[in-house]
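Worksheet: one structure, shown below.
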Amino acid sequence: MALVRESLAYATRFLARFGLAGRWRPASEWWVPAASLAGWGWLAVGGNDHGFAALCAGGGPIGRLVGEWRAGILASQLAGWLLMSLAMTLAMMLPLTIDALRYVSLRSFPWRRARALGGWLIGYLVPWIAAASIASLALMTVVGPTARPWTAAAAFLVAAVWQMTPVKGWALRACHRTRPLKPSGVSADASCLLFGARVSAACMVSCGPMMFAAMATAWPTVALAGVFVVALRERYVWRPPTRATALALAAAGGFLALQAIAS
Amino acid sequence: MVQPINNGIYTREDLWGLAAWDPTLVWYAKAMGAMFQLPISNASSWRYQAAIHGYDGTMPQLQALAQPGETLPDDADTYWKRCQHHGWFFLPWHRGYLGYFERIVRKTIVGLGGPAEWALPYWNYSDTGQNADVARLVRPEFLAAQLPDGSANALFQGVVRGRYQLADTPKGQAADFGIGPKDVRLKCLTYNHFYDSASASSFGGGQTAFSHGEGGVDVSGGVEKTPHDNVHGDLGGWMGSFETAGLDPLFWLHHANIDRLWAVWAADPGHAEPPDASWLDPTGSGFPYQFHDENGVSQVVKPSDVLDTAASVFTYRYQDTSVPAQVAAFAARLPAAITTPPAAVAAPSPPLQAPQLAGASDTNIDLSPAQVSVDLPIQAQAPTVDLAAGTGARRIYLNVESVVGGGQLDTRYVYLNPPNTQTPDEEPELYAGSLPMFGVAEMSRSVAANGGNGKNFVLNVTDVVAHLQQTGRWDGQLVRVYIVAKNPPASDTTLTAGRISLYYR
């Protein structure tokens, strides 16, 4: 019961961050959960529940994409692939950035607020989209379908170890770091872009290993959803449950390893 | 004569209203001595109580806390390092902290044969009345090596204080630690809202979750900044750091006064604490606040429990909660057109719209020199402000953002458009506020919860701008911000502000 109560309180405070249940609206960030939901919807419809491995083996749109990539690039399919990476980034990473977005909003002139937020988002999203695309490509082409179960197991165990490193702690704190913004002109655009990129880099160092591990599973959308919950909790609680998260990741890795053996 | 206890309610008395070596102070000293002897693992020990505020076992200067070989308590993770700062929980958390500390000290005093009605005195350093000439000084009882009976005085022995030379203070007299009138002014009592946007000034602080470190949106309330942070910084030594402040017996008297100022503010019918459940009964990571009572039993404190000090489990009130005379003087500086009638702010909800940025510096500012002058351009798109007419904006805030630093840090005083930078205090109406450095070094480190963002300061400069407009020295295009160090900076001082900005609402 206490856990339910705490979860509801946590959800309420989380919604408050988007101006949905709170009092402050310097510029309402309602679009953040909307974009995130859209991303999750795209991921779900994109057939990820059947796993990259199955698609890679020749069934479904991803397998066809890989085949056509090898045969010669078709721009529309490449765009679809990048959109998948964008969807994943919007779904998972955008809700973690609400404090930074609010900071950019608060510290920008009202007449250039949208431009400042846009610059920050480009700086934040582009590295993540690139990283997600590279990770997907690696999983589809380098790892191959038969090695995927072991890759996923190993990746979760690596992510578990990563959780306990000082670098992870540093990166998590760095996600809270803000930067003074130049007020106007091209330098303002550059400072928003750079601020977004720095948060993106800290995010990748912090969350990247467990996200890669989730992508490597046979049910990436489900696994990513689990990682999303973990990342949310790490980002917004006072004392991130680092040890508990490491244990959970290790348990997932162990489970996947046993599954790989059994298969 | 003040009745120490009335209808079961303890009275916290004015420190400077007590006679020399008043029994309140003698018993406080004896209790501190006894509590200091207890092992740090004992929840009633002085050092355990100090560690609740802050503790860092890696800091070599913390030998006064855990001694080598001492066993730390098993519950340190639950009860220690819980001080709430830079947000709206600053006041209620410290009220609970002080309340249980007072009960522990009272029980210790009773055990030593002292009075059961003992209550923590408050240090009213802002007094401009009958104690004005001594209010900001440290009383002799905190500087004497011995109590009247010849035993060691724990209020002084081993206590680490700041740079001011006690050897220059004649024995038996109060000491000047350099707490100036600007360090203890009470402009915060004129702020109508308990909490507000991170770019505006409020009484209690910005809206945060547990503790601070929320990515640049944490901001101290007016009372936390001045006089709280200023007094911490001026006393220095143990009081100069989160991790050791609770060791100094003056800490508790200082915070009793801060707590009293909350009672003064709340007594105004135009003021109200937040109605939000997330403040009154916070839940989630880090909550609820837990303390040990005088019997070592764990107790929970919620802000809703402590709004009325007399009705709370601590059952106390203050000897004097009248509004200081200076508050009316601050309010009188505002033009009538922008003075909100009390009835209009009786509703506890702050306005929904955050202040809007009107001007900002485009480089970071080196604040380490003794004097710094920054020209702040106001954007042409910003509204034209006429405070006398109440148009364009009704409140103006100066933000000094992302202040990071190290070495020996000292308070900075801020002025707007001073005609004579050599003697800026010639025209006190141009004084904008202070930037006390308490907490800046800690918040500048990358290991800090906020990733080393440093500290954000907000100064309500509406009255200053009103004066500039009244005297024809406001063009609405440029503001000269003049920042001067309280004392000559030390050679190891590094201090920068990421940006200085001006906000209109």
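Numbered from 1 within each chain, the chains take letters A, B, ... in sequence-line order.
- B/Asn453 and A/Thr178 get closest at one heavy-atom pair: OD1-N, 2.6 Å.
- Looking at A/Ser191, there are no atoms closer than 4.5 Å to chain B (heavy atoms on both sides), in backbone or side chain.
- Atom CG of B/Asn456 sits about 5.5 Å away from atom CZ of A/Arg107, to the nearest 0.5 Å.
- Taking B/Gly286, B/Pro377, B/Ser199 one by one and counting their heavy-atom pairs under 4.5 Å with chain A, the maximum is reached by B/Ser199.
- Rounded to the nearest 0.5 Å, atoms CZ (A/Arg173) and CZ (B/Arg445) are 11.0 Å apart.
- The environment of A/Trp170 atom CH2 is sparse: at most 12 non-hydrogen atoms of other residues, nucleotides or ligands sit within 6.0 angstrom.
- Both the backbone and the side chain of B/Gln381 come within contact range of chain A, judged by heavy atoms closer than 4.5 Å.
- Contact annotation for A/Leu181: both backbone and side-chain heavy atoms come within less than 4.5 Å of a heavy atom of chain B.
- Nearest heavy atom pair, residue A/Lys182 against residue B/Asp362, reads NZ-O, 2.6 Å.
- For the residue pair A/Pro110 and B/Gln356, the shortest heavy atom distance occurs at CB-OE1, 3.2 Å.
- Counting only residues at least two apart or in different chains, salt bridge (Lys or Arg N to Asp or Glu O under 4.0 Å) contacts with residues 196-216 of chain A are absent.
- Heavy-atom distances place the backbone of B/Ala358, and not its side chain, under 4.5 Å from chain A.
- Between the side chains of B/Gln379 and A/Arg112, no donor-acceptor pair of N or O atoms lies under 3.5 Å.
- The shortest non-hydrogen separation linking B/Ser402 to A/Tyr103 is OG-OH, 4.4 Å.
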